[in-house]
Amino acid sequence: MILKGVNIKFILTWMVCSLVILNSTGQSLAKVREEKADRNFVSKAIDDKIEQMQKKIQDKELAWMFGNCFPNTLDRTVRFTNENNKPNTFVITGDIHAMWLRDCTAQVTPYLSFMKDDEKLQQLIKGVINRQVESVIIDPYANAFNFGKEGGEWMTDNTDMRPELHERKWEIDGLCYVIRLGYQYWKLTGDDSCFDADWHKAMQLIVKTFKEQQRKTNQGPYSFTRKTEKASDTQFGAGYGNPIRPNGMICSMFRPSDDATTYAFLIPSNCFAVVVLGQLAEMEESINQNNVFAAECKTLASEVDAAIQKHGIVKHPKYGKIYAFEVDGFGNYLMMDDANVPSLLSLPYLGYINAKDKIYRNTRKFIWSLDNPYFYKGTAGEGIGGPHVGPDMVWPMSIIMKALTSDDADEIAGCIQMLKDTHGDTGFMHETFHKDDPANFTRSWFAWANTLFGELLIKVDNEFPELLERQY
């Protein structure tokens, strides 16, 4: 039974889980993972890794959380089919039955290194790439897609909506994630069979869209407004956003949180574009021997990067030189960070910058402080939030990302402790939790955060294995 995007079976399971934890002595933790027969996809390589990790993790509750979170995307969100003799994988975000280009990439990324031990898992990932290519060809400006042509609640948005689209918010990062997944798949497998004419067509559309949204001569073909009571769900300026002065960067009308940008040059997403354009150039040179298109990608990456360095770095009176979150080309800028990735915090994770870079270190200090208007610190935990949910709501994703971009064992351990303390007795990560009350959370089923939590613990096992021997 589904009621307005909420899975009732999951809620009932969570309620049972909570009762067991509250009445247990810490030795008995309820089973909340789907039974094997009920899972959407079973990977022996992933199950073997879970068993291996749970033997290493000495904190029983933390081991239980890993076993729930890491396989959540495979267990419950994937729909693996074969269409036109190609694997095809539709990936929902969790309690919203739609596929975001961003989320689906992030959800499967932690599984990529296991493809070598599981051919079927490799085919599933290949299916995600094929599905993303189909989606980009349908509309490179859309952020989220339906399984078919069923339409949805946003069909009345004032933009070029189509029945295949769940939502049409233009976000740079969605297209970046498409390139990122293809690149990582190729580097890990050496398989280039999915990078065919359709893939190349999609890549050309991505670069074309990026260039259109540099808005050098006009506003471009995209605009968006929505009738809504939530200001961040629509855009200013008749759907084109606040005015910008072209400077080489790419305009994004929405952030990775799906909230409207204030100033269209969203720095973290432009940084991400620089990285993936370089990756696309490498693929085009190697796979297609298309040096002309590769050069076009490199030129665009260099232009965007130069604009970031010139316009995206500002001087804060307390922290010195830091990256702004958004700028408009007129000299106006926004100092904040949002929890969703790409974020300023995540720049090393995305491959844009070294975590030891001085400007990044200054930026990191700023965003993990009360000087960042969307940083919240309470009795239960601390971290970055954003306007998407509202004041005092911390995103576990930000805590995970802080740990993923850290080389300080104590800092990482502190993040793990906080994640363990704030899962609200469910065994899963959530979209947000209240800084003073972990039981007050949003989205009981948010697969990206679940899988990212698993990715963190695997990284800890590889780099700081002693942290898994602790009791948290």
If you count every heavy atom of other residues, nucleotides or ligands that lies below 6.0 Å from [X] atom [atom1], does the total exceed 12?
X	atom1	answer
K230	NZ	yes
R79	CZ	no
K321	NZ	no

Do [X] and [Y] have a side chain donor and acceptor closer than 3.5 Å?
X	Y	value
D338	S343	no
R131	N88	yes
Q132	Y177	no

Please answer whether the main-chain N or O of [Y] pairs with a side-chain N or O of [X] as donor and acceptor at a distance below 3.5 Å.
X	Y	answer
T261	M253	yes
D328	N332	yes
H434	P438	no

Which residue pairs pass the salt bridge (Lys or Arg N to Asp or Glu O under 4.0 Å) test with at least one member in [range], sequence neighbours excluded?
range	value
residues 463-472	D410-R470, K459-E463
residues 428-441	none
residues 348-358	K356-D407
residues 258-268	R102-D258

Handout entry: Step-by-step side chain to side chain donor-acceptor pair (under 3.5 Å) determination, Q122 to D118
Key = CA-CA 6 Å; Q122 181 176 333; D118 190 332; over 6 Å; no
Handout entry: Side-chain touch N143/L101, heavy atoms, less than 4.5 angstrom
Key = no
Less than 4.0 angstrom from a charged side-chain N to a carboxylate O is my criterion; do [X] and [Y] meet it?
X	Y	value
K44	E51	no
E411	R364	yes
K169	E171	no
D75	R33	yes

Practice task
Would you please classify the geometry between the Y376 ring and the Y374 ring as parallel, tilted or perpendicular, with 30° and 60° separating the classes?
Solution key: perpendicular
Handout entry: Mutual orientation of the aromatic rings belonging to F224 and Y222 [parallel < 30°, tilted 30-60°, perpendicular > 60°]
Key = parallel
Exercise for the section: State which residues pass side chain to side chain contact (heavy atoms under 4.5 Å, CB included) with A339; sequence neighbours excluded, sorted by chain then number. Expected result: I384, W395, S398
Problem - R76 CZ to I92 CD1 distance, which is reported to the nearest 0.5 Å - result: 7.5 Å
Problem - Ring centre gap for F428 and F453 strictly below 6.0 Å - result: no
Practice task
With sequence neighbours excluded, tell me which residues meet ring pair (Phe, Tyr, Trp, His ring centres under 6.0 Å) with F210.
Solution key: none
Exercise for the section: For the pair T442 and T432, evaluate side chain to side chain donor-acceptor pair (under 3.5 Å) and give the outcome as yes or no after the intermediate values. Expected result: CA-CA 5 Å; T442 59; T432 68; 2.6 Å; yes
